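Everything on this sheet refers to the single structure shown next.
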Amino acid sequence: MKLLTLPGDGIGPEVMREALRVVDWLRAARGLAITVAEADVGGISIDCHGTPLTDAAFAEAAGADAILFGAVGGPKWEGLPRAARPEQGLLRLRRELGLFANLRPATVHPALLDHSGLTAERARGVDLLFVRELTGGVYFGEPRGQSGHPPERRALDSQVYTEAEIARVAHVAFGLAERRTRRLHSVEKANVMETGQLWRAVVSEIAPKYPDVTLTHMFADNCAMQLVLRPTQFDVIVTDNLFGDLLSDLAGGIVGSLGLLPSAALGAGEPGRTRGLYEPIHGSAPDIAGQGKANPVAAILSLAMALRHSLGEPALALEIEAAVDRAIAGGARTADIGGSHATRQVGDAILAQLG
């Protein structure tokens, strides 16, 4: 098997180093047969190669079984035209590799109840899975752009979805709900958006194929409120690109930190052997880059997701997740979750729990 690492910018290389230490342990202790390659993406790729993702790096990604991604972006590149910014490297990977289903789990660790943005009573027992459509919607829709001059400038973004785009991510969400608690919330704005009306219609038409799953439709603004008031009513939430981005980041406040949240971007393929891109959702955090303060948990849990969904090693994924849980319960915590451990020290604690 082949794993491509794309550390990127900011704290990306720091958290990637800890994830790769776990890969080394898996090779030595569990005999995991995997090769690891590395390429540039984002701002560092712009600096070194003049583009946020070279064709050579994309070819490496296309040939990998799984891609482990760090983070991209930072103030250094904010003045570039949008089409040349670091984030375009990530968007190209998602679009051209057909990675349409973004899985974002969010679970409140019992030892971190006091660090949730909610009361302990509301946060206890939260175990969410967001399924975000990743290659359509307003981030990719055309036409888009800006025109005019002050004071009459105008900007346009297009929210566009086809029935096929909605259906394929809905099938993923229903399938995941079947394997969990058989509850699925479909989230949109059908009251004011044409794409929301199509979304609700397509999901409703698919629902009879999954008779064991209870489907609930909900408007996105109400979903945001309900996630704060009573988050345990949710299990799997399927939604579009924009709402999925916003609502899953809100979940960072529920669990206590974005540094705890991994993600998987999957395409079509055999379960357990689907090519995917795996990344922590915390971003590049340039304000703490290079200081050893970054939380590596989300990156290590993203590796666990890669083992489960792309590399056919679900038992190893469970082993890593259990080690992370024990390390956190034992007090291995960076500043974002109330601790004083450095990035490396948290990695040490997780490796110690792995044995």
Side-chain angles (χ1 to χ4, degrees), residues 1-9 12-42 44-45 48-49 51-72 86 88-105 134-135 172 262-281 296-321 323-324 347 350-351 354:
M1 295 179 291
K2 179 179 178 181
L3 175 69
L4 176 67
T5 63
L6 298 170
D9 311 318
E14 299 171 59
V15 298
M16 185 69 75
R17 278 194 292 271
E18 301 311 308
L20 288 177
R21 292 174 70 200
V22 176
V23 172
D24 289 341
W25 182 89
L26 291 170
R27 285 166 160 166
R30 295 293 180 263
L32 182 67
I34 191 167
T35 62
V36 179
E38 180 178 317
D40 292 330
V41 70
I44 189 171
S45 181
C48 295
H49 313 291
T51 177
L53 185 71
T54 66
D55 290 340
F58 178 81
E60 287 274 357
D65 296 288
I67 305 158
L68 193 59
F69 194 94
V72 292
Q88 293 302 316
L90 177 58
L91 293 178
R92 180 186 176 189
L93 288 167
R94 291 172 176 173
R95 180 179 61 251
E96 296 188 24
L97 294 178
L99 306 177
F100 65 88
N102 188 203
L103 278 52
R104 294 189 169 196
L134 200 58
T135 58
V172 170
S263 74
L266 305 178
E270 177 187 351
R273 293 288 186 180
T274 303
R275 181 172 58 196
L277 183 149
Y278 301 87
E279 62 173 319
I281 74 170
V297 165
I300 292 171
L301 292 177
S302 293
L303 171 63
M305 294 188 78
L307 289 163
R308 175 175 291 114
H309 294 289
S310 290
L311 302 178
E313 296 286 355
L316 296 182
L318 287 171
E319 193 169 0
I320 291 171
E321 290 161 352
V324 169
I350 293 171
L351 286 169
L354 284 168

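Remember, predicted model here, so these are calculated numbers, not experimental data.
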How far does [atom1] of [X] sit from [atom2] of [Y], to the nearest 0.5 angstrom?
{"X": "E60", "Y": "I67", "atom1": "CD", "atom2": "CD1", "answer": "10.5 Å"}
{"X": "R275", "Y": "L4", "atom1": "CZ", "atom2": "CG", "answer": "11.0 Å"}
{"X": "I320", "Y": "W25", "atom1": "CD1", "atom2": "CH2", "answer": "8.0 Å"}
{"X": "I44", "Y": "L6", "atom1": "CD1", "atom2": "CG", "answer": "11.0 Å"}
{"X": "D65", "Y": "T35", "atom1": "CG", "atom2": "OG1", "answer": "8.0 Å"}
{"X": "S263", "Y": "N102", "atom1": "OG", "atom2": "CG", "answer": "5.0 Å"}

Can you find a heavy atom in the side chain of [X] that is under 4.5 Å from one in the side chain of [Y]?
{"X": "P280", "Y": "P262", "value": "no"}
{"X": "Y278", "Y": "L266", "value": "yes"}
{"X": "H309", "Y": "T274", "value": "no"}
{"X": "L307", "Y": "L26", "value": "yes"}
{"X": "L354", "Y": "V22", "value": "yes"}
{"X": "L90", "Y": "L277", "value": "yes"}
{"X": "L68", "Y": "S302", "value": "yes"}
{"X": "H49", "Y": "D40", "value": "yes"}

For a quick test of reading the model, state the closest non-hydrogen atom pair linking [X] to [Y] and the distance between them.
{"X": "P86", "Y": "D9", "answer": "CB-OD2, 4.1 Å"}
{"X": "L311", "Y": "M1", "answer": "O-SD, 3.3 Å"}
{"X": "L93", "Y": "A61", "answer": "CD2-CB, 3.7 Å"}
{"X": "A265", "Y": "L134", "answer": "CB-CD2, 3.5 Å"}
{"X": "L53", "Y": "R92", "answer": "O-NH1, 3.4 Å"}
{"X": "A268", "Y": "F100", "answer": "N-CE2, 3.6 Å"}

Quick check against the 3.5 Å criterion: does T135 have a side-chain atom that pairs as donor or acceptor with the backbone of R95?
no
Flag, side chain of T51 to backbone of T54, donor-acceptor distance under 3.5 Å
no
Does a side-chain N-to-carboxylate-O contact under 4.0 Å join R273 and E313?
no
Can we say E38 and K2 salt-bridge, meaning some charged N sits less than 4.0 Å from an Asp/Glu carboxylate O?
no
Under the criterion salt bridge (charged side-chain N to carboxylate O under 4.0 Å, His left out), I'd like the reasoning laid out for R104 against E279: C-alpha separation, chi angles, the key distance, then a yes or no.
CA-CA 10 Å; R104 294 189 169 196; E279 62 173 319; 5.5 Å; no
With sequence neighbours excluded, residues passing salt bridge (Lys or Arg N to Asp or Glu O under 4.0 Å) with R21
E18, D348
